[in-house]
K.L.:
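Structure in structure tokens, see below.
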Amino acid sequence: PPWDYSLDTTDAQRALQLLVESVAQEPGAEVLEVDRQRYYIHATAPSKVPPTSVDDIEFLLRPADQLVTHRVATRQSVFVYPLQNIVP
């Protein structure tokens with residue numbers, strides 16, 4: 001679910017800066033892009049599964065709602081046999 005940043009600040013630019021700082025402090029995380037006009041952050045971090053992959057993490061602030069939406073996607077998929085089969 002989206003995060004409500006109004007508990008920390010009502011200023012969208014301040015919320016964006018706090019989020020950038022928080023992501024940058026995570027071990028292994030790297031902030032690749034910050035678009036202050038679109039309130040967008042793109043970062044990467046090491047995947048848990050598989051441990052050799054990288055996760056892309058995106059954040060988008062919605063100032064009108066004082067919310068942060070996010071998406072995480074791993075760059076490498078792992079298939080576990082036989083769980084990838086169709087279950088009737």
K.L.:
Identify, with sequence neighbours excluded, every residue that meets side-chain contact (heavy atoms from CB on, under 4.5 Å) alongside Leu60.
P.N.:
Tyr40, Thr69
K.L.:
Let me confirm one number: the NE2-CD distance from His42 to Glu58, rounded to the nearest 0.5 Å.
P.N.:
5.5 Å
K.L.:
Once side-chain contact (heavy atoms from CB on, under 4.5 Å) is applied, do any residues pair with Ser22, and if so which ones, sequence neighbours excluded?
P.N.:
none
K.L.:
Val20 and Val68: same hydrophobic cluster, using ILVMFWY side-chain contacts below 4.5 Å?
P.N.:
yes
K.L.:
Please name all residues satisfying side-chain contact (heavy atoms from CB on, under 4.5 Å) with Pro63, sequence neighbours left out, ordered by chain then number.
P.N.:
Tyr5, Ala12, Tyr39
K.L.:
Side chains of Glu33 and Val31: does their closest heavy-atom pair fall under 4.5 Å?
P.N.:
no
K.L.:
Can you name the closest pair of heavy atoms from Pro46 and Pro27 and give their distance?
P.N.:
CD-O, 4.4 Å
K.L.:
Is there a side-chain contact (heavy atoms from CB on, under 4.5 Å) between Leu19 and Gln17 once you walk through the steps?
P.N.:
CA-CA 5 Å; Leu19 186 54; Gln17 185 59 38; over 6 Å; no
K.L.:
Applying salt bridge (charged side-chain N to carboxylate O under 4.0 Å, His left out), name anything that partners Asp35, two or more places apart in sequence or on another chain.
P.N.:
Arg38
K.L.:
Name the one of Val23, Val54, Ile57, Asp55 that satisfies side-chain contact (heavy atoms from CB on, under 4.5 Å) with Thr44?
P.N.:
Val54
K.L.:
Search all heavy atoms of Arg36 against all heavy atoms of Gln13 and return the closest pair with its distance.
P.N.:
O-NE2, 2.9 Å
K.L.:
Please list all pairs passing the salt bridge (Lys or Arg N to Asp or Glu O under 4.0 Å) test where one or both residues lie in residues 2-26, with sequence neighbours left out.
P.N.:
none
K.L.:
Could you give all pairs that pass the ring-ring contact (aromatic ring centres under 6.0 Å, His included) test and reach residues 54-78, with sequence neighbours left out?
P.N.:
Trp3-Phe59, Trp3-His70
K.L.:
Using the rule that two of Ile, Leu, Val, Met, Phe, Trp, Tyr join whenever any of their side-chain heavy atoms come within less than 4.5 Å, decide whether Val72 and Val34 are in one cluster.
P.N.:
yes
K.L.:
For the residue pair Gln66 and Thr10, establish whether any side-chain heavy-atom pair is separated by less than 4.5 Å.
P.N.:
yes
K.L.:
Out of curiosity, Thr9 OG1 to Leu18 CG, how far, rounded to the nearest 0.5 Å?
P.N.:
7.0 Å
K.L.:
Side-chain contact test, heavy atoms from C-beta onward, threshold under 4.5 Å: evaluate it for Thr52 versus Gln76 and give yes or no.
P.N.:
yes
